[in-house]
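As the structure is a computational prediction, the values presented were derived from the model and not from experiment. Excluded from the calculations below are hydrogen atoms, water molecules and symmetry mates; all remaining heavy atoms, backbone and side chain alike, are included.
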Amino acid sequence: MNPVPTVIDADAEELVSSQSEGYPSFVQQFAYSAFDEDSDNHITIDDVRGGIMKPGGGLHQLGTKYFHDLYFEQINSDAYRNVLRVMADGLDNWITKKEIQNRLQVAPHILNNALRALRTRNIIVRKSGSKGIYKLPTKSFAVWIKVFTQSSVPMAAPLTTGDVRFAGSSGHSTAE
């Protein structure tokens with residue numbers, strides 16, 4: 001239907017695929033955002049990155065739909081949100097309760113209550129067969145927390161969109 005064909009680089013396709021983490025709605029949103037970002041009918045990895053990360057872009061849209069309620073409506077405590085922010089620093093990697101405690105320096109009962117509530121509400125995942133080891137369910141949730149929310153207590157410097165770097169074929173995001 002479009003009289004001008006659009007070319008899509010293989011690494012741009014791979015980035016959409018890997019960053020979607022297997023969720024079809026994420027594939028659709030990230031691809032749509034890459035097309036929206038494109039200005040020359042040639043979708044590059046930069047178009048995908050820009051489309052995903054910009055305010056109003058793919059991650060922002062998906063966060064509004066899938067993550068906003070988890071972060072703001074199901075949690076009524078800034079202390080609990082700060083637990084998520086600490087966890088988000090490691091993206092979707094496992095983190096120990098001790099590491100969270102060291103970063104937040106909150107009373108142990110507050111951290112215990114937060115982890116219990118977040119686990120019960122399926123906002124975080126506990127490592128099977130291990131005590132005191134947790135992670136966020138998706139890398140996208142972690143990046144959304146880091147880019148589109150603000151901490152109420154000083155912790156590590158918050159990420160900006162320029163700090164989030166996407167790896168090409170491995171599908172892993174890294175934060176500097």
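- A salt bridge is defined here as a Lys NZ or Arg NE, NH1 or NH2 lying under 4.0 Å from an Asp or Glu carboxylate O, and Glu21 with Lys139 fails to meet this definition.
- Under the rule for a salt bridge (Lys or Arg N to Asp or Glu O under 4.0 Å), Asp69 has no partner lying at least two apart in sequence or in another chain.
- Cluster membership check: Phe26 does not share its hydrophobic cluster with Tyr32, using side-chain heavy-atom separations under 4.5 Å among Ile, Leu, Val, Met, Phe, Trp and Tyr.
- Applying side chain to side chain contact (heavy atoms under 4.5 Å, CB included) to Asp11 and the options Val48, Ile45, Thr44 leaves one that passes, Ile45.
- Rounding to the nearest 0.5 angstrom, the gap separating the CG atom in Asn93 from the NZ atom in Lys135 is 8.0 Å.
- With hydrogens and angles left out, the side-chain atoms of Ser25 and Gln28 include no donor and acceptor closer than 3.5 Å.
- Applying the ring-ring contact (aromatic ring centres under 6.0 Å, His included) rule to pairs touching residues 112-142 yields Phe67-Phe141, sequence neighbours excluded.
- In this structure, the side chains of Leu136 and Leu91 stay at 4.5 Å or more apart for every pair of heavy atoms.
- The heavy-atom pair separating Tyr80 from Ala114 by the smallest distance is CD1-CB, 3.3 Å.
- Side chain of His60 to main chain of Gly56: a donor-acceptor pair is present (N/O by atom type, distance under 3.5 Å, no hydrogens or angles).
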_Could you walk me through whether Gln101 and Asn112 satisfy the side-chain contact (heavy atoms from CB on, under 4.5 Å) test, starting with their C-alpha distance in whole Å, then the side-chain angles of each, then the deciding distance to 0.1 Å, before giving a yes or no?_
CA-CA 10 Å; Gln101 176 67 48; Asn112 289 338; over 6 Å; no
*Step by step, work out the side chain to side chain donor-acceptor pair (under 3.5 Å) result for Thr149 and Arg81.*
CA-CA 10 Å; Thr149 68; Arg81 287 186 196 101; over 6 Å; no
_Show, in sequence, the C-alpha distance, side-chain angles and deciding distance for Leu84 and Ile75, and conclude whether the side-chain contact (heavy atoms from CB on, under 4.5 Å) test is met._
CA-CA 10 Å; Leu84 293 176; Ile75 303 170; 3.4 Å; yes
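- Within the 4.5 Å cutoff, side-chain heavy atoms of Glu99 are placed close to those of Thr96.
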*Under the side chain to side chain donor-acceptor pair (under 3.5 Å) criterion, do Ser17 and Glu14 qualify, and how do the steps go?*
CA-CA 5 Å; Ser17 175; Glu14 171 61 28; 4.9 Å; no
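- Checking Ser33 against Glu37 by side-chain atom types alone, no donor-acceptor pair falls below 3.5 Å.
- The ring of Trp144 has its center no closer than 6.0 angstrom to the ring center of Tyr66.
- Hydrophobic clustering, with ILVMFWY side chains joined whenever heavy atoms are under 4.5 angstrom apart, groups Val143 together with Phe72.
- Summarising the geometry of Gly22 relative to Pro24, their closest heavy-atom pair is O-CD, 3.4 Å, with the distance given to 0.1 Å.
- Counting heavy atoms from C-beta on, the side chains of Val106 and Asn82 never come closer than 4.5 Å.
- Taken from CD1 in Ile52 to CG in Leu15, the straight-line distance is 5.0 Å, to the nearest 0.5 Å.
- Hydrophobic clustering (side-chain heavy atoms under 4.5 Å, transitive across Ile, Leu, Val, Met, Phe, Trp, Tyr) groups Tyr23 together with Tyr71.
- Counting heavy atoms from C-beta on, the side chains of Leu115 and Ile100 come closer than 4.5 Å.
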*Between Asp9 and His42, is a side chain to side chain donor-acceptor pair (under 3.5 Å) present by the stated rule, with each step listed?*
CA-CA 8 Å; Asp9 290 347; His42 181 184; 2.6 Å; yes
*Between Leu62 and Phe30, is a side-chain contact (heavy atoms from CB on, under 4.5 Å) present by the stated rule, with each step listed?*
CA-CA 9 Å; Leu62 291 168; Phe30 290 162; 3.4 Å; yes
Could you give the side-chain donor-acceptor pairs of residues 116-133 under 3.5 Å, partners two or more places apart or in another chain?
from	atom 1	to	atom 2	distance (Å)
Arg116	NH1	Asn113	OD1	3.0
Thr120	OG1	Arg116	O	2.7
Arg121	NH1	Gln74	O	2.9
Arg126	NE	Ser130	O	3.3

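- The shortest side-chain heavy-atom distance between Val83 and Leu111 falls under the 4.5 Å cut-off.
- Between Phe35 and Ile8 there is a side-chain heavy-atom pair separated by less than 4.5 Å.
- Side-chain N or O atoms of Gln61 include none that pairs as donor or acceptor with a backbone N or O of Gly58 at under 3.5 Å.
- With rounding to the nearest 0.5 Å, the separation of CE in Met53 from CD in Gln19 is 9.0 Å.
- Under the 4.5 Å side-chain criterion, counting only non-hydrogen atoms from C-beta, Pro137 is not in contact with Asp92.
- In this structure, Thr6 and Ile43 have side chains that are in contact, with non-hydrogen atoms separated by less than 4.5 Å.
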